[in-house]
Participant: 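Questions regarding the structure given below will be posed in turn.
A, B, ... follow the sequence lines: proteins, then strands. Residue 1 opens every chain. Since this is a predicted model, take the numbers as computed values, not measurements.
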Protein chains: 2
Amino acid sequence: MQRMTRQRTAVADALSTVEDFRSAQQLHELLRDQGHGIGLATVYRTLQALAEAGVVDVLRTADGESVYRRCERREHHHHLVCRTCGATVEIDGPAVESWADRIAASHGFTDITHTVELFGTCAACAAASGQDDVATGG
Amino acid sequence: MQRMTRQRTAVADALSTVEDFRSAQQLHELLRDQGHGIGLATVYRTLQALAEAGVVDVLRTADGESVYRRCERREHHHHLVCRTCGATVEIDGPAVESWADRIAASHGFTDITHTVELFGTCAACAAASGQDDVATGG
DNA sequence: GCGAAGTTGACAATCATTTTCACCCCCACT
DNA sequence: AGTGGGGGTGAAAATGATTGTCAACTTCGC
């Protein structure tokens, strides 16, 4: 049975106050800062449970760290993540889904899953770095 | 300067004889079996260099291990991988590329990169597991 | 309130990958 | 073909995220 403990509540709360993908370690630190005495192992376990329950989404950063985020929509979707500030947009892509199925089927593959994640620079960050260019450029 | 050493040749050769994605450790073992005395660190370093040079593709398995494969086409492409036997098909998806760019642009994101990988069960493996069903079913 | 069973947390263990560092060997030059 | 030097190598230690261990603790039904 899943019990509702102080720690699990804290992790769930922390996830709702955060908009970006965060690593277990970041969340652990955040919780510690907020005064919650919680063990790192517990944060990992809780995040894993939440991920399995489909409550949070997981993806892996370029350096292999797992990052978690509470998503609005429970159904299958993808993410557009700013690689500078971490801002995340949930997107669905029916076109991609059908494309994936079609491609896979045409090669005789079945039981398809796919990973599709987009990374880019959001408008705010582009403006920020753009200003640098302008400043240095003239 | 990049020197051509016995070890690098061996790794490159091993990669050309293999069709699936393989981990550094698998390749190391393979090379050892073939009688090449080569260190694990060297395999890692070589694969990394090859990946940076765009000669091999890298992707990460579900459990976070990096796997490498020498690909036919040097240009950007994606993969359809059998999760049972590892058989890999290179695919390109102009539709996905433009979809990604369009989605990203509509959210004000620029400088887009994307990861798109498909996993499934190839015809051969589906037949194999299907035979089990038939056998047990009739 | 009680007690059983799920939870916790500090720490050890795991495991892929990276770094270290002293020795090695490829290659341009002679 | 010999030589020098600088990149390359490898064994082992370091790293770092994640997982396992296990005794003590908390939650929840009764």
Participant: Just N and O in the side chain of A/T42: are any of them under 4.0 Å from OP1 or OP2 of C/dG9?
Facilitator: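 A/T42 to C/dG9 OP1/OP2: side-chain N or O found under 4.0 Å.
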Participant: Just by modelled atom types, is the B/E117 backbone N or O under 3.5 Å from a matching donor or acceptor in the A/H114 side chain?
Facilitator: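 Absent.
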Participant: Looking at B/R3 and D/dG8, is any side-chain donor or acceptor paired with a base atom of the opposite kind under 3.5 Å?
Facilitator: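 In this structure, the two groups form no donor-acceptor pair.
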Participant: Without decimals, in angstroms, what is the distance between B/L47 CG and D/dT9 P?
Facilitator: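 To the nearest whole Å, that distance equals 12 Å.
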Participant: Counting only side-chain N and O atoms of B/R6, is one of them less than 4.0 Å from OP1 or OP2 of C/dC25?
Facilitator: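 So the side chain of B/R6 is outside the cut-off, no N or O lying under 4.0 Å from OP1 or OP2 of C/dC25.
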Participant: Please check the phosphate of C/dT8 (OP1 and OP2 only) for any side-chain N or O of A/T5 closer than 4.0 Å.
Facilitator: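 For C/dT8, OP1 or OP2 has a side-chain N or O of A/T5 closer than 4.0 Å.
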Participant: Sub-3.5 Å donor-acceptor pair from the side chain of B/R8 to the main-chain atoms of B/R3, do we have one?
Facilitator: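 Answer holds: yes.
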Participant: Can you build the contact string for nucleotides 16-23 of chain C? Use B for base contact, S for sugar-phosphate-only contact, and - for no protein heavy atom under 4.0 Å.
Facilitator: SBBBB---
Participant: Does any donor atom in the side chain of B/Y68 or B/Q48 lie under 3.5 Å from an acceptor atom in the other side chain?
Facilitator: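 Their side chains do not contain a donor-acceptor pair, so the 3.5 Å distance test is not met.
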Participant: Over how many whole Å does the gap from B/I38 atom CD1 to D/dG8 atom C1' extend?
Facilitator: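 Computing the B/I38:CD1 to D/dG8:C1' distance gives 11 Å.
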Participant: Can B/H76 and B/D92 be counted as having a side-chain donor-acceptor contact under 3.5 angstrom?
Facilitator: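 There is no such pair (donor and acceptor under 3.5 Å, judged by atom type) between the side chains of B/H76 and B/D92.
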Participant: Between A/Q7 and C/dG9, is there a side-chain N or O to OP1/OP2 distance below 4.0 Å?
Facilitator: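 For A/Q7, the contact criterion (side-chain N or O under 4.0 Å from OP1 or OP2 of C/dG9) is met.
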Participant: Please tabulate, one pair per line, each protein N/O and nucleotide N/O from nucleotides 12-14 of chain C that are separated by under 3.5 Å, including the distance.
Facilitator:
none

Participant: Let me check something: do B/L118 and A/L118 share a hydrophobic cluster, defined by ILVMFWY side-chain heavy atoms less than 4.5 Å apart, either directly or through other members?
Facilitator: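 Yes; A/L118 is reachable from B/L118 via cluster members.
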Participant: Can you tell me how far C1' of D/dT18 sits from CD of A/Q26, to the nearest Å?
Facilitator: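 It is 15 Å, rounded to the nearest whole Å.
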Participant: Checking the side chain of A/R74 only, and the main-chain atoms of A/G54 only, is there a donor and an acceptor separated by less than 3.5 Å?
Facilitator: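 The answer is yes, because a donor-acceptor pair under 3.5 Å joins these two groups.
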Participant: Given atom CZ of B/R8 and atom C1' of C/dC27, what is their separation to the nearest angstrom?
Facilitator: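 Atom-to-atom, B/R8 to C/dC27, this comes out as 13 Å.
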Participant: Donor-acceptor pair, A/T61 side chain versus A/E65 backbone, under 3.5 Å?
Facilitator: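 A pair under 3.5 Å: yes.
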Participant: In residues 50-57 of chain B, which residues come under 4.0 Å of DNA chain C by heavy atom?
Facilitator: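 Going residue by residue through residues 50-57 of chain B, none turns out to have a heavy atom under 4.0 Å of DNA chain C.
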Participant: Do other residues, nucleotides or ligands put more than 12 heavy atoms under 6.0 Å from A/Q34 CD?
Facilitator: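 More than 12 within 6.0 Å, yes.
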Participant: Between B/H79 and B/F21, what is the ring plane arrangement, given parallel below 30°, perpendicular above 60°, and tilted in between?
Facilitator: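 It falls in the perpendicular class, over 60°.
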Participant: When the distance from CG of B/D63 to P of D/dA17 is rounded to whole Å, what number comes out?
Facilitator: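 Going from B/D63 (CG) to D/dA17 (P), I get 18 Å.
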Participant: Between the side chains of A/T113 and B/R83, does any donor sit under 3.5 Å from an acceptor?
Facilitator: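 Yes, B/R83 and A/T113 have a side-chain donor paired with an acceptor closer than 3.5 Å.
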Participant: Give a yes or no answer on whether the side chain of B/E90 reaches the backbone of B/E72 with a donor-acceptor pair at less than 3.5 Å.
Facilitator: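 Yes; judged by distance alone, with no hydrogens or angles, the pair exists.
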